[in-house]
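See structure below.
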Amino acid sequence: MDELQEPTPPNSRRWGVILVAAAVLLAGGVFGGRALREWLRPPPPAAETRPTPVPKPAPPPVPAPVPAEPAPVASASARSSRPVRRDPAPPPEPAAPTTGTLRIEADVEGALAFIDRQFVGKVPVTVEGVAPGPHQINVSATGFESHAEQVDVVPGPLDFVVRFREVRLNAAVDVVHKHGMGSCQGRLVADLDGVRYETSNKDHMMSVRLADIETLEVDYLDKNLRLKVRGGRTYNFTDKTANADKLFVFQREVTKARDRLAKGDPPAKR
């Protein structure tokens with residue numbers, strides 16, 4: 001048979017209850033005292049109040065600069081497919097010429113041109129590679145007196161124009177003027193304004209327009225040049241060296257200029 005348990009004495013149960021009650025009272029006293037101290041503590045002093053400062057009005061806002069709209073950026077695929085445009089390189093400057101280029105012209109068609117007595121063609125003609133320096137140019141045309149002139153050629157282009165149709169007159173000869181009582185020495189000069197006799201003897205100075213000359217002729221045997229003014233006096237001149245050739249050349253130049261002007265050829269510009 002099982003052994004019977006011994007019953008717990010009544011005094012032991014009483015002391016256990018007393019101990020539990022004491023523990024509860026002790027814990028309540030601890031928490032109750034802390035609460036009582038918090039309740040009895042004086043309130044903290046109120047914080048010092050200061051007047052709120054009136055805010056100053058803010059300055060008006062400065063508008064920000066509007067940024068420039070950026071240029072659209074092509075995509076990488078577009079840049080790779082689009083050809084890159086490059087400006088062509090400027091052409092190199094031409095080298096400075098070392099020889100002359102001579103262009104010869106004339107107002108008569110078919111005139112013949114010569115450089116240093118070498119035929120270069122009919123005008124208008126352009127001759128390249130002419131060495132710099134003086135060169136003799138001759139141009140001739142049928143019915144006109146040949147034109148000869150020396151020009152200085154420089155590197156680069158040069159135009160040379162001959163105007164055969166323009167009338168020019170520049171003639172002179174030293175003469176002796178024979179008059180009724182003796183003679184005087186002087187110089188006959190002819191240009192497009194006329195013929196004049198220049199001398200230190202003021203009483204025998206003479207000037208006449210080309211259109212007012214009625215007669216101008218040379219007597220070879222007498223070595224005399226006779227000039228008669230239309231409706232006026234007659235003048236007789238002889239060459240100082242008793243040579244009629246110079247008188248003839250003078251008379252020929254004056255007569256040729258008068259005839260051409262009468263035909264309507266223009267006088268040369270001065």
Side-chain angles (χ1 to χ4, degrees), residues 90-175 187-196 198 210-211 213 216-218 220 223 225 227 237 239-270:
E93 295 184 0
T98 58
T99 59
T101 300
L102 188 59
R103 179 172 177 80
I104 304 175
E105 300 179 359
D107 59 355
V108 175
E109 185 178 357
L112 307 180
F114 301 81
I115 299 179
D116 297 332
R117 300 183 180 180
Q118 299 293 323
F119 177 67
V120 294
K122 295 183 178 181
V123 298
V125 60
T126 301
V127 184
E128 299 180 351
V130 182
H135 293 272
Q136 181 74 20
I137 299 179
N138 294 75
V139 183
S140 60
T142 303
F144 298 90
E145 185 177 355
S146 298
H147 181 87
E149 186 175 345
Q150 181 171 297
V151 298
D152 288 327
V153 176
V154 296
L158 176 64
D159 293 337
F160 184 84
V161 181
V162 179
R163 304 191 183 280
F164 288 105
R165 298 190 183 279
E166 290 185 350
V167 181
R168 293 176 175 83
L169 179 59
N170 185 17
V173 60
D174 294 329
V175 295
R187 184 175 179 84
L188 272 178
V189 179
D191 53 29
L192 293 179
D193 292 330
V195 176
R196 59 187 180 273
E198 299 174 350
L210 295 180
I213 297 176
L216 184 66
E217 57 186 8
V218 175
Y220 265 92
K223 299 179 178 60
L225 173 64
L227 187 154
F237 302 95
D239 184 70
K240 290 196 317 180
T241 60
N243 186 343
D245 291 341
K246 295 180 180 180
L247 296 175
F248 172 76
V249 171
F250 181 87
Q251 182 266 346
R252 181 189 64 187
E253 295 299 317
V254 174
T255 301
K256 184 189 302 182
R258 294 180 65 218
D259 292 344
R260 291 185 57 191
L261 291 172
K263 287 193 309 181
D265 288 343
K269 297 179 181 180
R270 306 182 207 180

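Only this structure's heavy atoms are used, side chains among them; waters, hydrogens and symmetry mates stay out. Note that the numbering runs from 1 along the sequence shown for the chain.
The shortest heavy-atom contact between Gly100 and Val153 is CA-CG1, 3.9 Å. The minimum heavy-atom distance linking Phe250 with Ala172 is given by the pair CD1-N, 3.9 Å. Scanning both residues, Ala111 and Phe164, for their nearest heavy atoms gives CB-CE1, 4.1 Å.
In this structure, CG in Leu192 is found 7.0 Å from CG in Leu210, a value given to the nearest 0.5 Å. Distance check: Leu102 CG to Ile115 CD1 gives 4.5 Å after rounding to the nearest 0.5 Å. Atom-to-atom distance recorded for Phe144:CZ and Asp107:CG is 7.0 Å, nearest 0.5 angstrom. The line from CZ of Phe248 to OG1 of Thr255 is 9.0 Å long, rounded to the nearest 0.5 Å.
Residue Val218 forms a side-chain contact (heavy atoms from CB on, under 4.5 Å) with just one option from Lys223, Lys246, Gln251, and that option is Gln251.
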With side-chain contact (heavy atoms from CB on, under 4.5 Å) as the criterion, how do Leu247 and Val175 come out once you've worked through the C-alpha distance, each side chain's angles and the decisive distance to 0.1 Å?
CA-CA 9 Å; Leu247 296 175; Val175 295; 3.9 Å; yes
Could you go through Asp191 and Arg196, starting from their C-alpha distance and side-chain angles, then the distance that decides it, and tell me whether this counts as side-chain contact (heavy atoms from CB on, under 4.5 Å)?
CA-CA 9 Å; Asp191 53 29; Arg196 59 187 180 273; 3.1 Å; yes
For a side-chain contact (heavy atoms from CB on, under 4.5 Å) check, start with the C-alpha distance between Leu112 and Asn138, then their side-chain angles and the critical distance, and finish with the verdict.
CA-CA 8 Å; Leu112 307 180; Asn138 294 75; over 6 Å; no
So Leu188 and Leu225, side-chain contact (heavy atoms from CB on, under 4.5 Å) or not? Walk me through it.
CA-CA 11 Å; Leu188 272 178; Leu225 173 64; 3.7 Å; yes
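Residues satisfying the salt bridge (charged side-chain N to carboxylate O under 4.0 Å, His left out) test with Arg168, not counting sequence neighbours, are Glu166.
Within the 4.5 Å cutoff, side-chain heavy atoms of Tyr220 are placed close to those of Asp245. Using a 4.5 Å cut-off on side-chain heavy atoms (C-beta onward), Ile137 and Val162 make no contact.
Between the side chain of Arg260 and the backbone N or O of Arg165 there is at least one donor-acceptor pair closer than 3.5 Å. Side chain of Asp239 to backbone of Ala244: no donor-acceptor contact under 3.5 angstrom is found.
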Identify every side-chain donor-acceptor pair in residues 116-133 under 3.5 Å, counting partners at least two apart or on other chains, and give the distances.
residue	atom	partner	partner atom	Å
Asp116	OD1	Gln136	N	2.8
Asp116	OD2	His135	ND1	2.7
Thr126	OG1	Arg103	NH1	2.9

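Around the CD atom of Glu109, the shell of radius 6.0 Å holds no more than 12 heavy atoms that belong to other residues, nucleotides or ligands. By the neighbour-count criterion of 12 heavy atoms within 6.0 Å, atom CZ of Arg163 is sparsely surrounded, having that number or fewer from other residues, nucleotides or ligands.
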